[in-house]
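Read the numbers this way: they start at 1 and go in the same order the structure lists the ligands and their atoms.
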Amino acid sequence: MIIRAQTVVTMAGAPIKNGAVAVSGGRVIDVGKFPEVSAGYSGHEIIDLGEQALLPGLINAHCHLDYTCLRGKIPKQKSFTNWIQAINEEKSKLSPEDYIASINEGFAEARRFGTTTIANLTAFPELIRQIPNALLRTWWFAEIIDVRAPGRANELVDSAVQSLKSAPNYGLAPHAPFTASKNLYQRCEEAGANVSLTTHLAESREEMEMLRDASGPLYDFMKSIGRNMNDCGNGTPLELFVDATRDTPARTGHTLAQWIVAHVNELTESDFQLLDKMTTKFHVVHSPRSHQYFGHSRFPFKRLHRLGLNVSLGTDSLASNESLNLFAEMRAFQRNEPDRSPEKIFEMITVNPAMALRQQDRLGRIWHQFRADFVAIPCSEDRNLFEQIVAFDGESNWMMVNGKLQGIGTEKP
Ligand SMILES: [Zn+2]
């Protein structure tokens with residue numbers, strides 16, 4: 001099949017005017033100017049998208065579809081700790097059926113906004129089997145917390161891996177240094193060199209206070225639920241994370257480059273020096289609108305970028321955001337970083353997250369042998385292309401995942 005569009009945004013060179021893509025077996029087999037591509041594959045079905053831009057499908061590098069049903073349920077709280085207590089309260093009202101409905105609703109919404117790949121953390125990997133084959137390419141990460149049972153890290157990881165095995169792509173997510181023990185981080189790394197890894201790190205001032213200074217509201221709360229606080233007062237969240245993951249690579253073949261680390265808002269000068277010294281670096285996911293909801297310290301994008309960290313965007317969950325729309329996420333990022341070019345911002349939901357998921361040869365671009373994951377948006381020829389992409393404020397009405405056309409725009413959750 002051949003897909004023609006006014007512009008094909010390959011992200012592997014300049015956009016192609018009057019472009020076309022030939023697709024076979026779920027992959028791109030040719031990309032170029034329409035006359036040349038169509039001459040090479042005459043007789044093939046042609047889909048003409050007209051005055052639209054064909055984009056690589058968008059990749060959401062961090063979200064929790066479990067909590068799609070919590071949209072608007074948690075008003076802004078005085079502190080991060082209060083928010084954790086509020087979400088725990090909301091979660092206590094939900095059944096497994098509610099979570100399944102919430103995840104399905106999240107998939108439908110993400111698709112409407114042009115997402116074709118999603119890195120989804122779930123606290124309930126045992127429910128994955130009950131989710132009908134998702135129409136999005138999904139990396140299922142089992143989110144694991146061992147704060148109440150630090151001795152059970154092995155068991156928790158084994159059981160998560162058992163549940164995850166039914167998913168085509170999966171990974172492990174020890175939640176954060178304030179809820180996951182060093183042992184749990186290490187067991188997750190030992191689960192296999194092919195397993196992707198993600199975590200939350202240095203998100204809030206309270207996390208910094210708890211781990212570095214052994215004080216503050218998060219410290220008091222975690223202590224009250226029985227967490228062993230012996231690791232507090234010794235180092236920053238980043239130092240604890242690096243310490244937890246430093247010992248394992250020789251045994252497991254893992255490197256820091258396999259970690260996708262969400263947030264990284266709170267870094268000290270010594271943390272920046274530590275990042276500078278690292279020979280391999282982890283990937284970072286920033287969630288601009290969730291960040292704004294919490295009022296965290298300014299995300300140090302420029303410094304992280306200068307230090308060579310690959311930064312992607314994600315929506316996080318709807319317990320701290322209003323939609324699963326990555327275009328809105330790009331605009332929120334642009335408001336804080338107005339001198340970053342729209343094209344570079346678009347890389348943060350295509351090329352960069354593909355690299356974070358170690359799919360840089362398959363996803364995030366429209367190129368030879370890449371997966372045929374696309375989305376089309378209306379586009380006018382006389383305005384700056386990437387500015388129009390970042391400004392796109394609608395729902396996509398045409399998309400393809402793995403070479404299969406997706407019927408969207410008709411169903412609302
Ligand atoms: Zn998160």
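Under 4.0 Å is where a charged nitrogen must lie from a carboxylate oxygen, and between Arg303 and Asp271 no such pair does.
Applying the side-chain hydrogen bond (donor to acceptor under 3.5 Å, both in side chains) test to Asn321 and every residue at least two apart in sequence or in another chain returns Arg289, Glu329. In this view, Arg148 and Ile225 satisfy the side-chain contact (heavy atoms from CB on, under 4.5 Å) rule, not counting sequence neighbours. Considering only residues two or more places apart in sequence or on other chains, Arg129 meets the side-chain contact (heavy atoms from CB on, under 4.5 Å) condition with Ser166.
Below the 2.8 Å limit, the Zn ion (ligand 1) has as protein N, O or S neighbours His62 NE2, His64 NE2, His200 NE2, Asp316 OD1.
Annotation: cation-pi geometry not satisfied between Arg340 and Phe333 (NZ/CZ under 6.0 angstrom from ring centroid, within 45° of ring axis).
When atom types are taken as modelled, the side chain of His291 and the backbone of Ser297 share a donor-acceptor pair closer than 3.5 angstrom.
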